[in-house]
Amino acid sequence: MKEENLVIVESPAKAKTIEKFLGNEYLVKSSFGHIRDLDKKNLGIEINNNYKPNYIISPDKKKIVEELKKLAKDARMIWLATDEDREGEAIAWHLYHVLSLTSEKTRRIVFHEITKDAILNAIKNHRFIDTNLVNAQQARRVLDRLVGFELSPLLWKKIKPALSAGRVQSVAVKLLAEREREINSFKTSSNFKVIATFTKPGQDDKIIKFQAELEKRLADMEISRTFLEKMKGAEFKVSDITRKPTKKSPLPPFTTSTLQQEASRRLGFSVAQTMAVAQRLYEAGKISYMRTDSVNLSDSARSATAKVISELFGKKYLHTRNYKTKTKGAQEAHEAIRPTNSDLQTIQGNVSDRKLYELIWKRTIASQMTDAELEKTTIRISNSKSPDIFIATGEVLKFEGFLRLYKESPEDDSEEESGNLLPPVGKNDKLFPEKIEASEKYTAHPPRYTEASLVKKLEEMGIGRPSTYAPTISTIQNRQYVIKEDRAGDVRKCKILTLSQNTIHESVKEENYGFEKAKLFPTDIGLIVNDFLEQHFDSIINYNFTATVEEEFDLIAEGRVDWTTMIDKFYRPFHKKVDETSKTGEKIKGERLLGIDPESGKPVYAKIGRYGPIVQIGDIRDQENKPKFASLLKGQSLEKISLEEALKLFRLPRIIGIYENSEITVGTGRYGPYIKHFNKYYSLKKGVDDPLKITLERAIELIEDKRKDIKNKIIKSFSDSPDLLILNGKYGPYISLDKKNYKIPKSKNPNELTLDECKQIISVSERKTKKKK
DNA sequence: CAGTGAGCGAGCTTCCGCTTGACTT
């Protein structure tokens with residue numbers, strides 16, 4: 001009798017696992033997350049009916065809901081086993097109503113780990129749906145909808161269509177905008193770092209070389225020179241030695257956010273890629289659930305881990321521990337991300353799957369290993385000519401502990417890098433400097449965010465959830481508030497003064513700096529939207545907003561505040577502000593006057609145009625001479641572009657030469673820089689070609705490349721009908737005619753299609769699309 | 001994937017959190 005008991009969880013993979021634990025009088029099904037949501041067609045909330053939410057069954061859930069309805073009807077008892085957090089409670093509540101359940105045949109159960117004991121225990125301790133917690137979720141949902149669906153249309157009206165704003169995404173953009181401006185206003189300075197290289201005879205007459213750094217940095221070149229002059233003929237001795245034992249503890253097992261960070265740092269994964277791989281591993285039963293904010297391991301997982309450590313490394317390396325989460329607002333409905341089978345060090349599968357799995361395995365095992373023990377030695381070195389002190393530090397690993405398995409940073413992996421090996425010295429030992437070098441060091445601006453470091457920051461601020469980190473990062477890129485890219489660095493000169501053999505030598509070293517790899521840059525639109533929101537809706541995108549409303553959601557969950565009262569208090573002033581802002585002022589274009597064009601005497605502006613950032617010579621109101629426009633190039637921004645750079649852009653389009661008796665021109669259009677030849681367009685390679693500098697040779701190369709590509713793309717053409725082509729596209733072969741594309745049935749070989757067959761495929765598909773309409 | 005412009009004004013866009021597929025022309 002499988003129909004006796006119906007258990008509903010959120011994830012199908014979880015359902016499969018649980019079914020194994022429970023006897024066959026239990027049928028375990030999943031809801032695939034939320035089954036209902038606010039109506040998307042309008043606000044989905046009846047403002048004047050005490051904020052009554054208008055829930056509708058999500059289109060992609062209709063099938064599963066029908067199935068669950070049927071099963072629930074036949075079952076004797078329904079166990080709602082969704083996650084024990086706000087969202088999980090709401091899912092249970094929606095199920096209860098949508099499936100028309102009754103309190104007699106419904107039980108609410110919860111467990112935080114998927115083990116037999118945990119589940120049987122949950123069944124014993126069943127309860128009923130917590131309405132207060134459900135109401136806290138409704139408040140969360142309604143608030144997010146109100147903010148998103150009132151602010152977004154305001155942006156369409158004031159800035160441009162299809163933009164968006166929200167409690168989470170707008171804060172993410174704000175973080176990037178603020179950091180970018182910090183970087184723009186950062187003034188680089190330099191000072192001099194002084195390093196002395198000493199030699200000391202070690203065991204077996206081996207000479208040990210080691211370095212010591214001057215305790216303070218010197219302000220400039222002249223001061224450095226004076227200092228080195230003073231060091232000529234100075235005598236050095238050890239004035240003090242300290243040895244201090246230190247410990248390094250392992251990091252806790254992975255949460256969604258820390259997994260994303262480590263996979264980014266060590267494997268170079270984007271956050272979306274990490275989640276896609278983790279999802280595969282989860283569905284294959286290799287790892288526990290990958291969307292979690294908990295660092296907790298179940299008792300059984302911990303003892304399995306302990307067994308592995310004892311077997312692989314011995315008891316000496318075992319130190320089981322419980323980690324406590326420090327994350328604000330963590331709901332801890334699941335375990336940490338861990339391997340389901342601790343014995344499995346690696347898995348079959350593609351490279352990414354294997355690498356991510358091994359990372360998870362190592363981190364989990366290491367979390368239950370002993371601390372690493374180190375000894376840090378500090379040698380202070382004084383000299384006869386000045387009171388200044390040189391300091392040499394070195395670290396020796398006494399016991400590797402968890403480091404045997406999991407190095408803290410990728411750099412730790414290279415053994416010899418671990419630096420300065422110090423010689424055995426005693427107090428008052430004399431030391432002889434081989435050379436002393438003062439080299440110029442520049443201060444660095446605050447780092448730009450990567451996808452992963454932005455997630456980390458959001459998590460620290462308690463904004464967003466494990467299930468939304470990756471989608472949020474995608475959203476701000478899709479809206480083109482932010483672009484992820486590499487940017488070329490620059491070269492600068494570092495002055496070096498070297499004292500050796502009693503003479504001072506001056507040299508210059510070139511240093512690369514400022515190279516950015518896969519960093520997030522706010523775009524002009526991102527900055528303008530952010531400024532607009534900051535100006536009018538600071539209270540919403542303020543870093544404290546989420547924290548404050550979370551406190552209120554907690555009060556609702558405790559039954560101390562009515563959720564509609566809370567929403568009303570928020571909505572009234574908010575909506576008033578939206579109305580006011582909507583009425584006043586005109587479109588925001590981020591316009592900036594750059595200066596006067598020396599040729600025409602007209603003003604030059606930078607602003608957002610219909611298709612993105614542009615520069616403009618002349619006024620729009622000038623009826624006789626319409627203004628001239630030019631698009632900004634990649635890497636340029638409205639905020640930073642200078643008059644000189646702007647004027648250069650007007651040199652496009654320009655003719656760069658003749659090829660095949662026809663002019664080649666270079667310009668920039670709405671899709672970026674291009675070259676034009678015979679009325680055909682060829683895009684320039686992003687990040688490689690500069691339209692202001694491109695040569696005729698390179699342009700011809702691009703034209704020939706594109707011609708080759710087109711040739712390779714054509715599988716078949718017909719002389720009777722030159723417009724009809726069989727092409728090789730991203731999704732395989734297809735037929736192209738009059739800018740429309742048609743799918744080739746799987747049964748046909750594209751190489752053998754005749755013209756008549758093609759025409760038939762086209763007419764069949766035309767008929768189909770007509771029918772749809 | 002193809003496209004390389006700049007006041008005609010239709011109808012559309014959008015939030016955050018739960019969870020996985022379908023299959024591109």
Side-chain angles (χ1 to χ4, degrees), chain A residues 9-15 30-38 40 42-45 58 60-61 63-64 82-83 85-91 94 137 140-157 160-170 276 279-280 282-283 289 291 331 333 463-469 471-472 475 479 546 587 609-612 614 616 620 626-631 652-653 665 667-676 679-683 713 727 729-737 739-744 761-762 765 769:
Chain A
V9 295
E10 289 174 42
S11 150
K14 194 169 169 179
S30 92
S31 73
F32 293 79
H34 272 294
I35 53 161
R36 282 205 298 193
D37 193 13
L38 298 173
K40 261 195 201 26
N42 37 54
L43 197 56
I45 300 160
S58 315
D60 54 332
K61 299 292 164 57
K63 240 177 94 186
I64 186 71
T82 48
D83 296 346
D85 57 17
R86 212 157 60 198
E87 299 297 327
E89 202 69 18
I91 293 174
H94 283 300
Q137 193 275 345
R140 199 281 303 155
R141 181 67 193 91
V142 165
L143 179 113
D144 281 336
R145 169 58 67 89
L146 290 172
V147 169
F149 274 40
E150 295 221 348
L151 285 186
S152 300
L154 191 56
L155 296 180
W156 308 341
K157 191 175 167 192
K160 73 179 222 180
L163 296 177
S164 67
R167 176 176 57 81
V168 174
Q169 59 170 280
S170 296
Q279 178 86 31
R280 273 207 300 276
Y282 168 67
E283 283 172 18
Y289 195 57
R291 289 185 275 264
Q331 317 225 352
I463 297 175
R465 303 277 312 128
S467 67
T468 59
Y469 295 139
T472 301
T475 298
R479 299 275 172 277
T546 291
K587 271 209 159 191
R610 182 93 178 75
Y611 303 111
I614 51 170
Q616 168 191 328
I620 328 172
K626 289 251 163 112
K628 283 196 285 182
F629 301 99
S631 303
L652 300 172
T665 53
T668 62
R670 73 178 281 198
Y671 307 107
Y674 64 89
I675 33 182
K676 191 176 171 188
N679 252 338
K680 284 203 165 118
Y681 293 88
Y682 307 85
S683 291
K713 233 180 92 177
L727 299 175
K730 200 163 65 170
Y731 310 116
Y734 65 98
I735 300 169
S736 159
L737 175 68
K739 293 187 178 171
K740 275 181 161 172
N741 299 325
Y742 305 92
K743 194 176 154 184
I744 298 171
I761 290 171
I762 292 169
S765 126
T769 48

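Every value quoted in this text rests on a predicted model; they were computed, and no experiment measured them. Here is how names work: the chains are called A, B, and so on, in the same order as the sequence lines, proteins then strands, and each is numbered from 1.
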| field | Heavy-atom side-chain proximity of A/Arg167 to A/Arg140 below 4.5 angstrom | value | yes
| What is the nucleic acid contact for A/Pro12, judged by heavy atoms within less than 4.0 Å: base, sugar-phosphate only, or nothing? | sugar-phosphate
| Do A/Gln137 and A/Asp85 come close enough that some side-chain heavy atom pair is under 4.5 Å? | no
| How many Å lie between OH on A/Tyr282 and P on B/dG21, as a whole number? | 11 Å
| query | If every non-hydrogen atom of A/Trp156 is compared with every non-hydrogen atom of A/Leu163, which pair is closest and at what distance? | reply | NE1-O, 2.8 Å
| field | Within-4.5 Å side-chain heavy-atom neighbours: A/Ser164 and A/Ser152 | value | yes
| field | For atom NZ of A/Lys157 and atom C1' of B/dG9, their distance in whole Å | value | 16 Å
| query | For A/Ile614 and B/dG7, what is the distance between atoms CD1 and C1' respectively, to the nearest whole Å? | reply | 13 Å
| remark: For A/His34, the ring-ring contact (aromatic ring centres under 6.0 Å, His included) test, sequence neighbours excluded, returns none
| query | With a centroid cutoff of 5.5 Å and a plane-angle limit of 30°, would you call A/Tyr681 stacked on B/dG3? | reply | no
| query | Would you call A/Lys14-A/Asp83 a salt bridge at under 4.0 Å N-O? | reply | yes
| task | Measure the CD1-NZ distance between A/Ile614 and A/Lys628 for me, rounded to the nearest 0.5 Å. | result | 14.0 Å
| note | Output row for DNA chain B, stems defined as at least 3 consecutive Watson-Crick or G-U pairs under 3.5 Å, is none
| Pairwise P distance, B/dT25 and B/dA2 [rounded to whole Å] | 14 Å
| said: For nucleotides 11-18 of chain B, give me one character per nucleotide, 5' to 3': B if any protein heavy atom sits under 4.0 Å from the base, S if the only such contacts are to the sugar-phosphate, - if neither. | reply: --BBBBBB
| Taking the side chain from A/Lys61 and the backbone from A/Phe32, do they hold a donor-acceptor pair closer than 3.5 Å? | yes
| d(NZ, A/Lys680; P, B/dC1) in whole Å | 18 Å
| query | Any side-chain heavy atom of A/Ile45 sitting closer than 4.5 Å to one from A/Leu146? | reply | yes
| When the P atoms of B/dT24 and B/dC1 are considered, how many whole Å apart are they? | 15 Å
